[in-house]
Amino acid sequence: MADLSVSYMGLKLRNPLIVASSSLTGTPAKLKRCEEAGAGAVVLKSLFEEQIEAQTAKLEREGGDYPHPEAADYLRQIGLRLNQDEYLKLVADAKANLAIPVIASLNCVSPKGWTDYAAKLAKAGADAIEVNVAIIASDFDRTAAEVEGAYLKVVEGIRAKVKLPIAVKLGPHFTSLPQTALALRRAGASALVLFNRFYQLDFDIERLALTPGYHLSSPDEIHLPLRWIAILSAQVGCDLSASTGVHDSAGLIKQLLAGAKAVQLCSTLFLKGMDRIKTMLEELGAWMERHGFATIEEFRGKMSQEKSADPLLYERLQYIKVYVGLD
Ligand SMILES: Cc1cc2nc3c(=O)[nH]c(=O)nc-3n(C[C@H](O)[C@H](O)[C@H](O)COP(=O)(O)O)c2cc1C
């Protein structure tokens with residue numbers, strides 16, 4: 001029997017499959033289901049900074065017009081605490097009911113407010129914190145360095161308050177991902193999660209209205225994170241976890257070969273159900289036996305750019321007619 005256990009940010013996982021932050025991990029009952037289905041760890045649904053801001057704004061609206069800034073501040077504090085208390089309870093419940101590692105998730109667009117809260121998450125028992133930093137670089141006056149600096153501030157702020165492992169979940173839109181990845185590691189990230197898949201925007205051309213795009217990924221979306229995990233894994237100096245487009249055991253094996261320490265699943269579990277985890281792990285074990293690998297470390301990173309005899313192939317961006325054969 002192949003040994004599927006891995007170490008991710010210093011956490012011992014019985015296998016590399018993590019249920020990604022989503023409504024699949026939003027209640028104690030759903031979290032228990034993840035563990036029973038065989039997951040190696042869970043990332044709780046994110047506590048959203050925007051959600052707290054919106055809740056605070058609602059409380060302020062309902063609370064009327066306050067002439068004193070202290071009154072508004074007080075309401076803001078209540079708004080903050082309401083959601084945050086519920087979330088701390090979710091962390092504590094998860095820790096009480098699960099044997100697998102529990103990773104709390106904070107969505108951040110700014111460093112404010114979160115740093116003290118991260119310490120509370122640690123106290124509630126979280127094994128690690130995943131920080132989902134999502135800043136859209138749509139401001140014409142903000143340079144790339146300023147936007148990247150904001151990511152670093154979030155991580156530095158949280159690192160200053162907690163000793164827990166911190167994973168930083170990023171989108172793919174960086175001009176120099178290796179530089180940003182290194183800077184994040186130096187700021188205190190124990191792992192990077194590549195990549196978040198953001199809410200997609202679409203247009204309804206009959207109503208001339210904005211609509212949400214399809215919210216689940218397809219297996220075709222694995223290629224972008226696969227390339228970057230293969231390029232970064234040997235050199236970035238922290239663990240990598242794959243997210244987006246892993247729908248089957250082939251996708252899982254590919255990401256491990258690229259050098260990922262763990263692989264997160266979301267869309268495939270919505271589409272095919274939690275039993276998908278068991279199937280994927282069985283197929284991973286069978287593949288390892290077929291290839292003579294007793295542990296994941298024996299083959300992890302074997303197809304990273306660093307191990308390749310032809311590293312430039314990982315950087316190829318242009319199609320070459322002879323390979324595509326479409327014209
Ligand atoms: C319904 C839904 C809710 C999600 N909620 C969160 C969230 O709260 N926090 C987060 O970091 N990612 C969230 N995600 C993103 C997933 O964790 C994951 O990164 C993304 O779906 C890509 O992985 P996949 O291809 O396996 O679906 C959500 C995704 C879906 C589909």
Side-chain angles (χ1 to χ4, degrees), residues 16-27 30-31 34 37 39-55 83-84 86-87 90-91 94 102-109 114 118 121 126 128-136 151 154-155 158 166-173 189 191-202 212-229 240-256 258 260 262-274 276-277 279-280:
L17 282 184
I18 297 178
V19 181
S21 178
S22 64
S23 40
L24 295 167
T25 57
T27 66
K30 286 182 179 181
L31 289 163
C34 297
V42 282
V43 184
L44 303 186
K45 168 114 195 88
S46 299
L47 181 61
F48 279 86
E49 189 178 326
E50 290 151 341
Q51 178 185 325
I52 286 174
E53 297 270 319
Q55 190 183 14
N83 241 310
Q84 296 187 359
E86 282 168 27
Y87 200 75
L90 181 63
V91 173
V102 171
I103 304 171
S105 168
L106 295 176
N107 161 273
C108 301
V109 287
W114 279 132
L121 287 175
I129 299 178
E130 186 175 283
V131 195
N132 150 14
V133 197
I135 303 171
I136 184 156
Y151 280 79
V154 169
V155 178
I158 295 179
I166 301 172
V168 182
K169 188 175 186 184
L170 299 173
H173 308 296
L192 301 176
V193 183
L194 307 178
F195 291 112
N196 201 351
R197 182 177 186 277
F198 297 121
Y199 171 87
Q200 315 263 318
L201 174 71
D202 204 357
Y214 187 57
H215 59 282
L216 298 179
S217 72
S218 78
D220 272 353
E221 293 177 50
I222 195 175
H223 304 293
L224 187 65
L226 186 66
R227 182 199 292 260
W228 281 110
I229 287 177
L240 299 179
S241 164
S243 173
T244 296
V246 178
H247 283 243
D248 51 26
S249 57
L252 162 64
I253 294 162
K254 286 177 195 179
Q255 288 292 19
L256 295 170
V263 175
Q264 304 202 4
L265 301 179
C266 180
S267 294
T268 191
L269 302 179
F270 275 113
L271 293 167
K272 304 258 172 73
M274 281 291 166
R276 191 88 186 129
I277 293 175
T279 310
M280 286 173 69

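Remember, it's 1-based here, ligands and their atoms both numbered in the order they're listed. Heavy atoms only: backbone and side chains are in, while hydrogens, waters and symmetry mates are out.
Of the protein's heavy atoms, Ser22 CB, 4.2 Å lies nearest to atom 2 (C) of ligand 1. Among all protein heavy atoms, the one lying closest to atom 20 (C) of ligand 1 is Arg197 CB, 3.8 Å. Among all protein heavy atoms, the one lying closest to atom 25 (O) of ligand 1 is Ser217 OG, 2.5 Å. The protein heavy-atom contact nearest to atom 9 (N) of ligand 1 is Ser46 OG, 2.6 Å. Of the protein's heavy atoms, Lys45 NZ, 3.4 Å lies nearest to atom 5 (N) of ligand 1. The nearest protein atom to atom 31 (C) of ligand 1, hydrogens excluded, is given as His215 O, 3.4 Å; this is a heavy-atom distance.
Panel note: side chain Thr25, backbone Lys45; a donor-acceptor pair is recorded below 3.5 Å. Using a distance-only test at 3.5 Å, with no hydrogens or angles considered, a donor-acceptor pair links the side chain of Gln200 to the main chain of Phe198. Looking at Thr27, its side chain does come within 3.5 Å of a backbone N or O of Lys30 through a donor-acceptor pair. Using modelled atom types, no side-chain atom of Ser46 and backbone atom of Phe48 make a donor-acceptor pair closer than 3.5 Å. Using modelled atom types, one side-chain atom of Thr244 and one backbone atom of Phe195 make a donor-acceptor pair closer than 3.5 Å. Checked by atom type and distance alone, the side chain of Glu86 never pairs as donor or acceptor with a backbone atom of Asn83 at under 3.5 Å. The backbone N or O of Leu216 sits less than 3.5 Å from a side-chain atom of Arg197, completing a donor-acceptor pair. Listed for the Ser21 side chain is a donor-acceptor partner under 3.5 Å among the backbone atoms of Leu44.
Remark: of the listed residues Ile103, Ile129, Leu47, Ile129 is the sole one forming a side-chain contact (heavy atoms from CB on, under 4.5 Å) with Leu121.
Residue-to-ligand polar distances place Ser21 within reach of ligand 1: an N/O pair is separated by less than 3.5 Å. Taking any N or O of Ser267, backbone or side chain, at least one lies under 3.5 Å from an N or O belonging to ligand 1. Looking at ligand 1, you'll find an N or O of Asn132 within less than 3.5 Å of one of its N or O atoms. Residue Thr268 has no N or O atom closer than 3.5 Å to an N or O atom of ligand 1. When only interatomic distances are considered, the shortest N/O to N/O separation between Glu130 and ligand 1 does not fall below 3.5 Å.
Between Gln264 and Ser241, the side chains place a donor N or O and an acceptor N or O closer than 3.5 Å (distance only, hydrogens not considered).
Atoms of ligand 1 lying under 4.0 Å from at least one heavy atom of Asn196, given by number and element, are 12 (N), 15 (C), 19 (O). Those atoms of ligand 1 that come under 4.0 Å of a heavy atom in Ala20, given as number and element, are 17 (O). Of all atoms in ligand 1, numbered sequentially from 1 with element shown, those under 4.0 Å from a heavy atom of Gly245 are 24 (P), 25 (O). Against a heavy-atom cut-off of under 4.0 Å, Phe48 is close to the following atoms of ligand 1: 7 (C), 8 (O). For ligand 1, the atoms lying closer than 4.0 Å to a non-hydrogen atom of Lys169 are 10 (C), 11 (O), 12 (N), 15 (C), 16 (C), 17 (O), 18 (C), 19 (O).
Of the listed residues (Cys266, Gly26, Ser243), the one carrying the non-hydrogen atom nearest atom 19 (O) of ligand 1 is Ser243.
When non-hydrogen atoms are compared, ligand 1 lies under 4.0 Å from the backbone of Thr244 as well as from its side chain. Heavy atoms of Glu221 found under 4.0 angstrom from ligand 1: none, in either backbone or side chain. Within the 4.0 Å heavy-atom criterion, the part of Leu216 lying near ligand 1 is the side chain and not the backbone.
Partners of Arg276 by side-chain hydrogen bond (donor to acceptor under 3.5 Å, both in side chains), not counting sequence neighbours, listed by chain and number: Thr268.
The number of heavy atoms from other shown groups lying within 6.0 Å of CG (Leu201) is above 12.
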